[in-house]
Amino acid sequence: MRVFNFSAGPAVLPEAVLRRAADEMLDWHGSGMSVMEMSHRGKEFTSIVHSAESNFRQLLGIPANYKVLFLQGGAMAMNALIPMNLLCSHRSADYVNTGIWSSKSIDEAKKYCHVNVAASSEDKSFTYVPPQSTWKTDPQAAYLHFCSNETIGGVEYHWLPEVGDVPLVVDMSSNILSCVIDVSKYSVIYGGAQKNIGPAGLTFVIVRDDMLDRALPITPSVFHWKEQAEQGSMVNTPPTYGIYIAGLVFEWLQQQGGVAVMEKKNLEKASRLYDYLDSTDFYSSPVNKNDRSRMNIPFHLHDTRLNDAFLEGAQERGLLQLKGHRSVGGMRASIYNAMPVEGVIALINYLRDFEKNHA
Ligand SMILES: *Cc1c(COP(=O)(O)O)cnc(C)c1O
């Protein structure tokens with residue numbers, strides 16, 4: 001029996017994608033091989049990676065002057081690789097701190113350059129996005145880095161930072177493909193796949209061509225964006241099976257009607273859940289209303305002694321992985337693209353019943 005899986009990542013995948021992968025497991029399209037067994041340079045895998053990239057480009061409207069890289073290392077490796085690939089002769093970069101993931105990016109970048117924290121919401125336990133009017137940016141910065149959705153804190157930008165000529169770099173691990181974006185406003189968009197795309201082990205980088213000449217000479221070849229761009233992400237063996245599953249997810253998204261349709265569904269799912277949480281004092285949502293994530297929804301039980309009973313009861317109903325991150329406590333429901341509205345409705349019904357039985 002399939003459950004409703006609210007994990008923050010690795011996270012739920014569309015059932016149709018898993019079924020198709022199962023069907024194709026032993027023999028991909030008459031090749032007599034599993035995708036896992038194919039040479040990454042053979043014609044079968046070449047066609048898989050080309051169609052994955054082309055569907056990803058279509059879904060996000062990625063302009064022709066951007067490269068798409070499929071790498072390894074996860075979003076956390078990028079915390080080092082962004083300064084390595086972008087610093088050039090600059091000595092300083094701007095970062096906005098909105099939570100645990102931005103903090104990790106900042107700490108890692110400090111190994112490579114001076115970090116100017118242009119704004120931070122640490123004063124209120126990372127429960128909001130600092131308004132742009134309060135940012136103290138440096139016009140000489142190599143780039144400005146921000147995290148568009150803090151997966152742990154549940155804080156999301158619903159607006160685009162304006163940074164003039166400074167390249168805008170974004171960690172979009174947990175809300176890529178959840179809403180329509182204008183790629184041309186960014187210099188680099190990156191993230192791990194295991195939240196809203198596919199299996200762990202695949203990292204995507206969308207990078208504008210003019211950002212490819214800025215790497216420090218010490219940058220490792222397998223993480224050197226220009227070398228990877230020139231060799232179609234095949235300086236080394238890419239995460240082939242992850243790319244294949246990502247490609248199936250991209251096809252599934254197109255069958256759903258594309259990113260604009262997903263955005264509507266995500267808005268509906270998140271509004272239903274927030275509306276319920278706001279309707280009762282039994283539960284509360286810690287995040288500033290305007291900055292609430294549509295993907296990751298942390299919430300607290302008013303009486304924290306009930307936390308264990310809440311999680312046990314949820315498990316009995318097939319509602320899994322609702323425990324909040326250890327740094328925030330409480331609960332968290334991650335409702336990515338692949339979470340059907342039925343899962344959110346089942347969760348709300350459970351919230352209501354649990355409250356009735358324990359109020
Ligand atoms: C999960 C996550 C990361 C870390 O990803 P890894 O693939 O584990 O390195 C970084 N940033 C955000 C926003 C995330 O959600």
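We're numbering straight along the sequence, starting at 1. Just so it is clear, the structure is predicted and the values come from calculations on it, not from any experiment. In listed order, ligands and their atoms are each counted from 1.
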For ligand 1, run through the N/O pairs with the protein that fall under 3.5 Å and put one pair on each line.
| from | atom 1 | to | atom 2 | distance (Å) |
| --- | --- | --- | --- | --- |
| ligand 1 | 7 (O) | Ala75 | N | 3.3 |
| ligand 1 | 7 (O) | Gln194 | NE2 | 2.9 |
| ligand 1 | 9 (O) | Ala75 | N | 3.1 |
| ligand 1 | 9 (O) | Met76 | N | 2.8 |
| ligand 1 | 11 (N) | Asp171 | OD2 | 2.6 |
| ligand 1 | 15 (O) | Thr151 | OG1 | 2.4 |
| ligand 1 | 15 (O) | Lys195 | NZ | 2.6 |

Looking at Trp159, is Lys185 sitting on its ring face, NZ or CZ under 6.0 Å from the six-membered ring centre and within 45 degrees of the normal? no
If you draw a 6.0 Å radius around NE2 in His302, do more than 12 non-hydrogen atoms from other residues or ligands fall strictly inside? no
List the steps, then state whether side-chain contact (heavy atoms from CB on, under 4.5 Å) holds for Tyr350 with Phe4. CA-CA 12 Å; Tyr350 174 63; Phe4 288 120; over 6 Å; no
Are Lys104 and Asp171 within salt-bridge range, i.e. N to O under 4.0 Å? no
Tell me whether Lys43 forms a cation-pi arrangement with Phe45, defined as NZ or CZ under 6.0 Å from the six-membered ring centre and within 45 degrees of its axis. no
Is the Phe354 ring parallel, tilted or perpendicular to the Phe310 ring (thresholds 30°, 60°)? perpendicular
